[in-house]
Structure formats: C-alpha cells, structure tokens
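Accompanying notes for the structure given below.
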Amino acid sequence: MNTDNKSAKAEKPETKYPLNLPDTPFPMRGDLAKREPAWVENWTQKKLYHAIRKVAKGRPRWVLHDGPPYANSEIHMGTAMNKVLKDMVVKSKLMAGFDATYVPGWDCHGMPIEIQIEKKFGKGLPTAAVQSKCRAHATEQVDIQRKGFIRLGVLGEWENPYLTMAPRNEADEIRALRKIYDAGYVFRGLKPVNWCFDCGSALAEAEVEYQDKTDIAVDVGFAFREQDKLAKAFGLSKLPHDKGFVVIWTTTPWTLPANQALNLHPEFDYALVETNDAARPLLVLAKDRIAYCMERWGMQGSVIAECKGKALELIAFAHPFYDRLSPVYLGDYVTLDTGTGIVHSSPAYGVEDFLSCRSYGMKDADVLTPVMGDGKYVASLPEFGGLSIWDANPKIVEHMRAKGTLFKDEKFQHSYMHCWRHRTPIIYRATNQWFAGMDVKPKADGASLRETALAAVEATQFFPAWGKPRLHAMIANRPDWTLSRQRQWGVPMAFFVHKETGELHPRTSELLEAVAKRVEQGGIEAWQTLDPAELLGDDAKNYVKNPDTLDVWFDSGTTHETVLRGSHPEQSKFPADMYLEGSDQHRGWFHSSLLTSCMINGRAPYNELLTHGFVVDQNGRKMSKSLGNVVAPQKVCDTLGADILRLWVASTDYSGELTLSDEILKRVADTYRRMRNTLRFLIANTADFDATKDLVAVEKMSEIDRYALALTRQLVRECREAYARYEFHTVTQKIQVFCSEDLGGFYLDVLKDRLYTCGATSHARRSAQSALHHILQALVRLLAPILSFTAEEIWATVNPGKTVDQSSVFFETWDYVVPGDDGDLLATWKSLRDVRAAVTKAIETVREQGAVGSSLQAKVVVEAPKEIAAQLRRLGEELKFVFITSTAEVKEGAELKVHVAPSTAQKCERCWHYRDDVGSNAEHPSICGRCVSNLYATGEARAFA
RNA sequence: CGUCGAUUAGCUCAGAGGCAGAGCAUCCGCUUGAUAAGCGGAAGGUCCUUGGAUCGUUCCCAAGAUCGACGACCA
C-alpha cells in the first residue's frame, strides 16, 4: 500500500444521499480457534444433543453404531477424521428428517493397555492389581479422548457413552458368550495359531501384519532308512548306493526340532538322482527342481529312476539331527516354485503341517511342541533346550553342518508375519485354545456360521461398493475364530473345566449366567475372587476356572448385544443402520461383529457399512497409532479451527487415501473463507428484513430472483442426493461452485445495485431480500452437518435473542421449502448469462485500452441473432442491470457481437450509473433521476433484475 | 506374485467417442458500497507410455510404467 492510495481513500467524497449498505455483526473472519470453544461450552451446558432428541422425537429412528476407538493415547488425525465423518453422517440423517442418535463408545480391555501397565509397573503384578491399574488407565484415556472429540463439534451422548469395561457390559459379554456356547459354536482344541512371544498370547487375524525379515534358508537332507521300500517305489530291485538323502528347503530352521513328517505332492514327478558327491551319492528331488538344485549345491547328477509322489507315501527318512524317523505324507499344497519340491512338516508350527499330520492320524498328544510361549525351547530339548528360537537358528545350522545333513545355507529376505503392536516376528504355534467354529453346523439342518455370515454380507449395503467382495472373501477364507487369549485385562471366558478330562461343566450355560450376575456387580474382578465352590458346591474339587480371557475383538464384536440391546437400548436399536470405520475394520470390527451377530441373531448387526481410507502425510505415509507420525488434530483446532478440519474431511473423497498437508489445509481455509463471506453477504443484506412481515411472494418477485431460487432448489436437490450417498465431497464442491459462480460471480454482483440504491422498503429491494432470505435459509441447513460451528453461529446471528435450547440450526431439516417453480427459468437465464459473459469480455478488451474502468462506465450495444435478441429485449431497460453497465442496447445481427463505448454521460454520485438525467432535478444536482425517484418518490419498478 | 482401482492445469478433482473443464493457487486489470473483502481477464495440458480397433479417441481394446488398496507370500 502506498500513501497516495490511503490519502485518496481518506479524501474520497461521501455522498450525502443515503444508501442501503450491508450491516451485520457477523464477522468476516471466522476466528474459529477462538470462537469455537465457546460454542462447545454452550452446547454442553444447554445439552444441545438432548434438546435435539426432543425436537426429533417421533421421527423414524436412525442409528449409527459407534465403533469404539481404543482407549489409549491422544486422538490422532485418523480417529478425529473418523469421528467427524460419523458426525456428518448422523447430522445429515438428522437434517434429512430422522431421529438420528449417536452413542459414542470406547474399547477398554486388551493388550495395549495391559502392556502400558507392564511398562509402567513391571511384569508379574497380581491379577487384581493389573486389573485395577488398567481400569484406571482406561478411564483416564477415555476422558482425554472425549474432550478431543467434543472439541471437533461432534454431537452425541458424551455424558453417557458406552465402555466395554463397564461391569454391565462385561456381564453382557459373558452372556453373549453363553449364547454362542448354547448355540453350539464354541469348542476347544489344539491348533496352530498366530502367536506373539512379546504378547505371550495368541493373536487375531487382524493383529498380524507383514514386514521384511532376513532368515537363514537351509537345504537339509533326511537320510535314507527304508532303502528297500524306496527301491520298490522307484521300480528298482535295489538302490545302487545304500546312502542317500531326500532334501527339503526351509527358511525356519528352528522348526526342524519339531519336524515329524515330509510332504510330497501326490501327482508330481520325483526322481532318484545319482550324484558325483561320494558323501551323498543318491538324492530324491522333484524332477522339475533337479537342475536348480544341482547348480545350487555345486553337484552333477543324473536321473536313474522316477516315480509319482504318491508312490513314496509313508516311506520314512531319518531326521537330520535327532534319532527318529519322519514319514512321507502327501499334500496338495506342495509347489514347485521354490526349494526341492519336498516340504518338511512340523505340525505344531504350521497350519498345513498340522492338518496333514492330523489327516494321517496323528493325535494331539503326539504333536511335538518344544517351543514355549516366550519363544524359548523347553529345557528338555536335546542340544538346544532353553535357547530362544531366533538364537537357535544359526546353532541348528552349524549342528547340521557337523552332522553332514546340511546341503546349503544362505541369508534369505522375505516378508514375514509380525505382531502389529510389537512389530516383532510371530510364529504359528499349536496351543490349546477356544474357538468359534466357522463350519460347524450347530443345528442338524442349519447353515454353518460361514454360510450364514456370507448371506449376511450379501444383505448388507456397502459404501463404497467394493467393500462387499472384500468382506465376502475374508469370511469365505478365514479359519476358525480363536476366542481365547492368555491375558489378564479382559473379559474372562468364565468356564469351569474338569481337572482330569478337560471337559466343560455340564451346567456351563447356567454357570455363565451366574458368573455374569456377579460380574455385573463387581466387574471382571469378581471372577478372579470367585471361589468355584460358591457356584459348584462339592463339585468344585473336580473343576478349575479357565484362566483365559476373551479376544478383545469379541468385546467390540458383541457391542450390538452389550450396547444396542444392553446398556443403551433406549438410545439405539437393533440392527443398527450403519457401522462406519476405516477399511482395516473389514478384518476387524465389521468382521467380528458380523460373526457374533450371525451366531446370535442369524443376521448382520448393521444394514449399511461405510468405509473410509487412511489419513496419509505428504509422502503418502500412513498416520497411525503405532508409527507415531501423527499430526495432532488439536493443533489444527487451535490454529485454523475445527470447522476447517471438518471441511477438509468433507471435501476429501474418503474412499481412498485422505491426503493432508499444510498446503491442502490452506486451500480448505480459502474455501471456508469464500463460503463464510458469501453467507455474510446474505446476512448483512437482510439485516433490515423481517421475513414475517417483509417477505415477497414468489410470484411477485423479479425474474432474476426467481431464477436464483430455482438455482437454490437445484442445489438443495443435488446436495440432498449426495448426502444420501454419503458423498460429502460432492456436497462441498456443489456449494462452493454455487457460492462462487452463481452467487458471487453473477447473482449477488447484479443484485448490489438494487439492494443498495432502491428504496429501503421498496418492493424491488424486498424482492431481492426475500430471495436472499430463502437462499440463506437453504444454505445454512445444507452446511450444518459439515460446518457445524459456523452454521450455528449464522443461525444465532439470524435468530437473535434466542438461546441454544430454544433455537439451533440442528432443530431444522432440509424440508425447508424454497418457493417457486423452475419453469424455463434455468434455460432462459443460462443463455442470458452466456451473453453476459460475452459482454464482460468485450468490456475487458476496452478496459485494457484504458477507455473504461468500471463496467458502469460502458455503453453496450449487443448484436445478436433474432431469438436471442428477442430474449434480451424482453428485459427492456433492465438488461443493463444484468450486464452492470449504464446502458444496454440490442440489435439484430447474424451472430453475437458486442460493441462497447465509454459513456459520455455524467456519473451519478449515488448509484454510479452514467446517465443523461444526472442533475435533472435542480434540488439534487449530483444525482440521477432514478435515485431521485428511489429516494423521494415511488421508486423504480424492477420486473426482471 | 495375484486381484482391483487410479494416472487430466502448479494443487484438489470433474468430464464425455466429435473445439479439453471447474474450484483454488499464479500473473494482470478493475473496484473501493461484501474492503484483512468483491468483480473481471490471462496464462497454464504429450488427458502416463506404446500398440490396436475406429472416419475420428484423453475416453474403447491390449500390453507396459508408476502409485495405491486388498489378498498371497506358510515350506
């Protein structure tokens, strides 16, 4: 800014004639960071959420059931975005005319909290102490998170949320366990499950992720022991050498001490190879792998016989370093992609290994399980007892080298299963666990859980649609659900197990209910202190309490029982209308909830599933709890404001990744300013307008006003449709274009003349204000689910003197009627705007030559084809207002042409039009006849613009 | 490794077998009666690449590249 400008402004002569200028206390700048907390306080004090419930009473209920965030650590951008999305869905359903409720919840049990407590107080605390510390920690975390969510403008039952650790919910969860037990889905068995040494527990499918890991890959020989059988299988009378090996390849040498079999594919061709290595004169390999293996081991060899894999079935070979035999079992899963075409089998440490050994009749008691829960071999294991399996790997390799059974060892990088919490490698480990069976058919003629769940997936509506095949595939392929965990901070699997037989107590069902009653009073702690004799009497001496807890996914997976039908039935319903979570919840909450509900109800607990992607930073990296690269939503609230964060969520297509950067936030803030300022214009120009008295009936409005209303109706229609599809980014895009193009770039610009210069209470001005009033009413309602704070601020400005319990934008709905009929208005004015664009462009050309400044300085002659000319002439004298020029003349011509010339008339001091009649009234020499009339007489009539 | 999706202006994204679009950002101008605002204009493109079908393709088909999601990677 230079000083000349400033002085010029200061010296600018003000007209003494009054104008109707905009006037409002609604500030142009949002100052959201400062102002929003006051609204939060206001909403809390006035109990806005419950006031809305009263207003919405009697409408159809619509329930979004909250997927509980884990009660650990501050909220991050991911959870914030998730909550905002939920809030926008709930509010949009509210505005659409439903009684849309929202009961937030928290997931409170489970390992992350228990691990926190272990870190803080050390391992080995008594169970009672662990539980009380965990409970206190979770309570603390819930409070922190709740504050963060409320600050985002999320409305809900915050003073009465659901907590999975509430004794009532813990008890209902045991009752849910009872239901699925009664239905016959629960069984106990030995099975390899995902096992984390750091957790000391089985893991759920959802808790496993893959990372790169370097292991030692070894080729290991199993020496011939049944030479006669082998010769016969290969169709030979006798082997040419007595000594030989069948060779396997593995990346997990630590599984070899548990090796109990070898797997061959029944249909593959296997060859007996004679080599030039005196120590290993004969080898058995898959025929297709010979060349690869010979080169790998630096040998030469020739095939002397071949047979199918199935011919070798049950022939036994010597374990590479223990004195025992491993028989050949056949398996279809053997491939020729890597290794030797022969796979070693450790039933305790591989799913396929386990299944194939079992199918050959191996009993659970025969399965070798040398690896303990902490990752060390049992002390009794020869050579390697007490070693961690990772430390043992190289030692096993060296041991085999010494024994002459090692063919090759090398570093091998591959992607390997890791615990998603500890980021440490996990293994499959056979343990006794409780399961929910996917394929058991509890009722004689009933469907399996898998079949029921697949049908439920089909009956569910997915947003976006690709969620359906995804969940379907997961259900179709998943193994049985491992329900048990070996932890302390969780809901007990409150079974009584027979000391000798391991059988459940015959009265298990009623005992579960008896335990539930106690837990309802005393929390899960009541199970710890329970003396079995209290429930079992004399029988207690034969039974022990099952020490396992339930998988936390069972906690959250049963909230449809423990919350929708348990702690909050009045505030919700079953089934919920929607579950809304990140796409990872297909294998998490969507999944676990589906299974439990199918076991209990035979259907999904939701009608619709909505999925969103993850928030990523500029580099496309995930912002996640465990990575610690989170951008605090609190910081955005404290600088730009929660409405900016909400607008970012709304304007992003959440079906993929949601990219967040400073530049993006800046752009969102720009969009916000544009919307806010447009709303401010509407407010400021209707400040002296009382809709109850001044509203002009739509039939009596100027045509352009009716056109603006038609555009508004179109906007409302399109936004409602987009909201119904949960496409918030479409809503914001439409509103933004409406504000910029239709209002700012056209309608409001044209309207200023009429608003400012016509008589303050004239029909012409009231017509414009009526349109602005309707547009404002429609827009504030459309924006409310997204810009909740701003919409409420607007609402309070427009309805002064009312407190939030009497008046809130959230008491309104989108059924607000924007009056009028579209007729031909949209088409007619589209063509008028096309001509206007040509006029504007022509004026710009003249302006570049310096002939005119303001468009009002221009005289325009439009040459146009007959039909368009007629259309333009229809507006008569008012055409110039559409162009914002001082005159506008129409001529017929072959094609559209615009002639622009500077006006030679005098500028009216008041309305700035250049007119011949300026000064025609001697009493008012500086203003035009139009202004004289508007100020002192009947004023001008405005039929069109 | 497999499946699916994406690739269009500096950024975010629309789009339709026939002249390549919007918002924002940039630059320029106007306005100073939306003023820490408003209006207008301009510039900006190999519509990822290659091949095919077509009178014609950014759009259809095929292959590839890059990115992403998911699945598998167990031996």
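Below, chains carry the letters A, B, ... as their sequence lines are ordered, and counting in each starts from 1. FYI, side chains are in, hydrogens and waters are out, and symmetry mates aren't considered; it's all heavy atoms of this structure.
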So, is A:R674 near the phosphate of B:rC39, with a side-chain N or O under 4.0 Å from OP1 or OP2? yes
Span that lies between the C1' atom of B:rU26 and that of B:rA69, in whole angstrom: 35 Å
Tell me whether the OP1 or OP2 atom of B:rA42 has a side-chain N or O from A:K841 closer than 4.0 Å. yes
Base, sugar-phosphate, or nothing for A:N677, non-hydrogen atoms under 4.0 angstrom? base
Let's test your reading of the model: under 3.5 Å, does the base of B:rA75 pair with the side chain of A:T335 as donor and acceptor? yes
Check A:V220 against A:F407 and note the closest heavy-atom contact, atom names and distance. C-CD1, 4.4 Å
What's the gap between B:rU8 and B:rG44 when it is taken at their C1' atoms, as a whole Å value? 13 Å
Please determine whether a side-chain nitrogen or oxygen atom of A:R676 lies at a distance below 4.0 Å from atom OP1 or OP2 of B:rA36. no
Assign each of A:D353 and A:I664 to its nearest nucleotide of RNA chain B by heavy atoms, then name whichever residue's nucleotide is nearer the 5' end. A:I664
Face-to-face stacking of A:W912 with B:rG33, centres under 5.5 angstrom, angle under 30°: yes
Does the side chain of A:F317 reach to within under 4.5 Å of the side chain of A:L312, using non-hydrogen atoms? no
I need the minimum non-hydrogen distance between A:Q769 and A:A760, along with the two atoms involved. OE1-O, 4.5 Å
Pick base, sugar-phosphate or nothing for A:G339, based on heavy-atom distances below 4.0 Å to the nucleic acid. nothing
Would you say A:T251 reaches B:rA75's phosphate, i.e. side-chain N/O to OP1/OP2 under 4.0 Å? yes
Give me the distance, rounded to whole Å, that separates B:rA22 from B:rC60 when you measure between the P atoms they each carry. 23 Å
Whole-angstrom distance between B:rU58 and B:rA6, as gauged at atom C1': 15 Å
Can you tell me, in whole Å, how much space there is between the C1' of B:rC48 and that of B:rA43? 24 Å
Using atom C1' in both nucleotides, what's the gap between B:rU54 and B:rG41 to the nearest angstrom? 40 Å
Does any N or O in the side chain of A:R910 come within less than 3.5 Å of the main-chain N or O of A:C928, such that one atom is a donor and the other an acceptor? no
Measuring only the C1' atom in each nucleotide, how far is B:rU12 from B:rC1? A whole number of Å is fine. 34 Å
Within the structure, does a side-chain N or O atom of A:Y756 lie under 4.0 Å from either OP1 or OP2 of B:rA34? yes
So does A:K752 get a side-chain nitrogen or oxygen closer than 4.0 Å to the phosphate oxygens (OP1/OP2) of B:rA34? yes
Need one value for A:R680: base, sugar-phosphate or nothing, where a base atom within 4.0 Å counts as base even if backbone is also close, heavy atoms only. sugar-phosphate
On the six-membered ring of A:W912, is A:K752 placed so that its NZ or CZ lies under 6.0 angstrom from the centre and within 45° of the ring axis? no
Can you give me the dot-bracket string for RNA chain B, 5' to 3', counting Watson-Crick and G-U wobble pairs with both distances under 3.5 Å, using [ ] for crossing pairs and | for partners on another strand? (((((((..((((....[..)))).(((((.......))))).....(((((..]....))))))))))))....
Have a look at A:V334 and say if it touches a base, only the backbone sugar-phosphate, or nothing, with a 4.0 Å heavy-atom cut-off. base
Just confirming the chi classification of B:rC19, syn or anti, using 90° around 0 as the syn window. syn
A:Y416 and A:T251 side chains, donor-acceptor separation under 3.5 Å: no
Salt bridge (Lys or Arg N to Asp or Glu O under 4.0 Å) filter on A:K408, not counting sequence neighbours, yields none
Using a cut-off of less than 4.0 Å, is there contact between a side-chain N or O of A:R673 and OP1 or OP2 of B:rC24? no
What closest approach, in Å, do A:R35 and A:R29 show between heavy atoms, and which atom pair accounts for it? NH1-O, 3.6 Å
When rounded to the nearest Å, what value does the distance between P atoms of B:rG21 and B:rC73 take? 50 Å
